[in-house]
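Below is one structure; the comments refer to it alone.
Remember, predicted model here, so these are calculated numbers, not experimental data. Quick note: numbers below take in every heavy atom, side chains included, and nothing from hydrogens, waters or symmetry partners. Every chain is numbered from 1 and lettered A, B, ... according to where its sequence line falls, protein lines coming before strand lines.
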Amino acid sequence: MQELRSKAVIICGTTASGKSSFAIDYALKNNGEIINIDSLQIYKELPIVTASPTKEDLKKVPHHLFNFIDGKDEFSVGKYLSLAKETADEIISRGKLPVFVGGSGFYISAVLNGLHELPEADIKIRNKVSKMTNEEIAKELEKNTPEVLQKININDRQRLSRAYEYFLQEGKSFLSAKENKRLGALPYDFEIICVSRPKDEINERIEQRIYQMLDDGMEQEIKNFLSLNIPEQRTISKADGVQSFKKYFDGLITKQEAIQEMIFKSKHYAKRQRTWYKHQLPENTIRKELIG
RNA sequence: GGCCAGGUAGCUCAGUUGGUAGAGCAAAGGACUGAAAAUCCUUGUGUCGACGGUUCGAUUCCGCCCCUGGCCA
């Protein structure tokens with residue numbers, strides 16, 4: 001006999017696809033509560049830039065895991081996964097439906113499939129590795145676990161560094177880690193809805209939304225954020241628009257150029273999301289084209 | 001109207017001492033296992049402004065015309 005699993009829903013879609021308002025409607029109709037599954041809306045510092053839910057949204061239906069992590073703190077999919085499980089279990093215990101909403105493919109994959117059993121990144125080791133050049137890291141990997149270099153491009157700084165960090169922590173090849181079983185997949189019966197819109201429409205909505213963000217006080221928000229001096233390497237600092245506006249504040253480019261750069265970055269992000277959703281989501285995903 | 005500088009990829013420009021061209025950005029496709037809005041990989045034929053001339057051969061030299069800036073009338 002198969003155990004009876006609780007139901008849960010994941011609603012994903014590219015940036016500016018309208019997934020958030022779709023999700024609110026969905027939650028209202030299905031006795032649901034919304035759980036964030038977006039890697040940047042997790043942080044509290046940039047609600048406007050990250051298009052986090054508005055006060056009006058929050059009034060309509062309960063939202064969880066939005067804008068609560070301090071940008072200077074380290075965060076990870078692993079941490080997200082346990083928070084997500086806790087939150088969803090609690091929602092289910094109250095007889096409600098968990099409705100995950102967000103665009104981060106990596107997080108969605110973790111929720112659905114779990115993560116390989118391996119230790120979290122160690123900040124001390126990461127800081128040490130961060131001082132090395134790609135060539136130096138590659139040389140060390142070549143010496144110790146040469147097979148990982150077949151899989152990782154030498155320019156792919158992040159994966160290169162992660163593989164070497166893992167070696168330093170565990171003394172083993174990062175590839176062997178991927179043979180470990182996956183743990184922590186959330187034990188629910190998932191319905192996955194991937195919303196989309198024609199590409200031209202997404203592009204237009206991206207532009208419109210950025211002008212709306214400007215009206216909503218994005219410039220001041222970014223200024224405040226920059227005054228916190230959170231390192232540029234942190235993901236929160238790489239939210240689309242932040243570095244572009246920093247260049248504008250520093251007098252390196254015009255405001256119009258900063259806006260244009262932010263638009264380009266957002267379009268690139270949407271592109272990467274499309275690729276991910278096309279190839280990485282499970283077969284039974286419901287693909288839904290939104291209109292209007 | 002005169003002089004000067006330009007007109008080369010969707011954009012900004014480089015280049016060809018005459019043998020039909022290449023960067024950045026954009027665009028398209030792809031990868032992805034605790035940093036993921038991250039990180040990375042692949043993809044460049046375009047009447048080289050139009051028309052004539054010289055030449056085996058012109059985007060390159062010459063003439064003329066058109067367009068865009070700037071300066072002078």
Does any nucleotide pair with [N] by Watson-Crick or G-U wobble geometry, both distances under 3.5 Å, and what is it?
{"N": "B:A58", "result": "none"}
{"N": "B:G22", "result": "B:C13"}
{"N": "B:G1", "result": "B:C72"}
{"N": "B:A35", "result": "none"}
{"N": "B:U42", "result": "B:A28"}

Does the side chain of A:N127 come under 3.5 Å of the side chain of A:S130 through a donor N or O and an acceptor N or O?
->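 A:N127 vs A:S130: no donor-acceptor pair found between side chains.
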Kindly point out which of B:A35, B:U39, B:A27 is positioned nearest to the side chain of A:R126?
->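 Nearest to the side chain of A:R126 among the choices is B:A35.
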With the side chain of A:K199 defined as its heavy atoms from C-beta on, choose the nearest nucleotide among B:C32, B:A28, B:C25.
->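 Taking heavy atoms from C-beta onward, the closest nucleotide is B:A28.
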For A:R209 and A:T15, what are the C-alpha separation, side-chain angles and deciding distance, and is it a side-chain hydrogen bond (donor to acceptor under 3.5 Å, both in side chains)?
-> CA-CA 10 Å; A:R209 192 170 66 174; A:T15 189; 2.6 Å; yes
Write down the distance separating the [atom1] atoms in [N] and [M], rounded off to the nearest Å.
{"N": "B:U59", "M": "B:G46", "atom1": "C1'", "answer": "11 Å"}
{"N": "B:A58", "M": "B:U47", "atom1": "C1'", "answer": "14 Å"}
{"N": "B:G53", "M": "B:C67", "atom1": "C1'", "answer": "23 Å"}
{"N": "B:G7", "M": "B:C51", "atom1": "C1'", "answer": "16 Å"}

Counting only heavy atoms not in A:K223, do more than 12 fall under 6.0 Å of its NZ?
->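 Check passes, neighbour count above 12.
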Is the base of B:G34 syn or anti, where syn means the angle lies within 90° of 0?
->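 You should classify B:G34 as syn.
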Below the 4.0 Å mark, does [N] have OP1 or OP2 next to a side-chain nitrogen or oxygen of [X]?
{"X": "A:K238", "N": "B:U39", "answer": "yes"}
{"X": "A:N155", "N": "B:C41", "answer": "yes"}
{"X": "A:T275", "N": "B:G30", "answer": "yes"}
{"X": "A:H279", "N": "B:G30", "answer": "yes"}
{"X": "A:K151", "N": "B:A31", "answer": "no"}
{"X": "A:K271", "N": "B:G29", "answer": "yes"}
{"X": "A:Q158", "N": "B:C40", "answer": "no"}

At 4.0 Å (heavy atoms only), tell me whether [X] reaches a base, stays on the sugar-phosphate, or touches nothing.
{"X": "A:D38", "result": "base"}
{"X": "A:Q273", "result": "nothing"}
{"X": "A:T15", "result": "nothing"}
{"X": "A:Y80", "result": "nothing"}
{"X": "A:S109", "result": "nothing"}
{"X": "A:N153", "result": "sugar-phosphate"}

Report yes or no: does A:K255 contribute a side-chain atom to a donor-acceptor pair with the main-chain N or O of A:Y248 at less than 3.5 Å?
->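 Flag not set: sc A:K255 to bb A:Y248 has no pair under 3.5 Å.
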Does A:Q273 reach the main-chain N or O of A:G103 with its side chain, forming a donor-acceptor pair under 3.5 Å?
->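 Judged by distance alone, yes, a pair lies under 3.5 Å.
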A:W276 reachable from A:I37 in the ILVMFWY side-chain graph, under 4.5 Å edges =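 Yes; tracing contacts between hydrophobic side chains, which count when under 4.5 Å, links both residues.
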Is any side-chain N or O of A:R157 under 3.5 Å from a base N or O of B:U39, one able to act as donor and the other as acceptor?
->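 For A:R157, whose side chain was compared with the base of B:U39, there is no donor-acceptor pair (under 3.5 Å).
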Side chain of A:R162, base of B:A35: donor and acceptor closer than 3.5 Å?
->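 There is none.
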List the steps, then state whether side-chain contact (heavy atoms from CB on, under 4.5 Å) holds for A:L40 with A:T235.
-> CA-CA 8 Å; A:L40 286 192; A:T235 308; 3.7 Å; yes
Might you work through the side-chain contact (heavy atoms from CB on, under 4.5 Å) test for A:F174 and A:L118, ending with a clear yes or no?
-> CA-CA 10 Å; A:F174 190 59; A:L118 62 145; 3.9 Å; yes
Taking RNA chain B as the partner, which of residues 115-124 of chain A come within under 4.0 angstrom of it by heavy atom?
->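 Those residues whose heavy atoms fall under 4.0 Å from RNA chain B, taken from residues 115-124 of chain A in numerical order, are A:L115, A:H116, A:L118, A:E120, A:A121.
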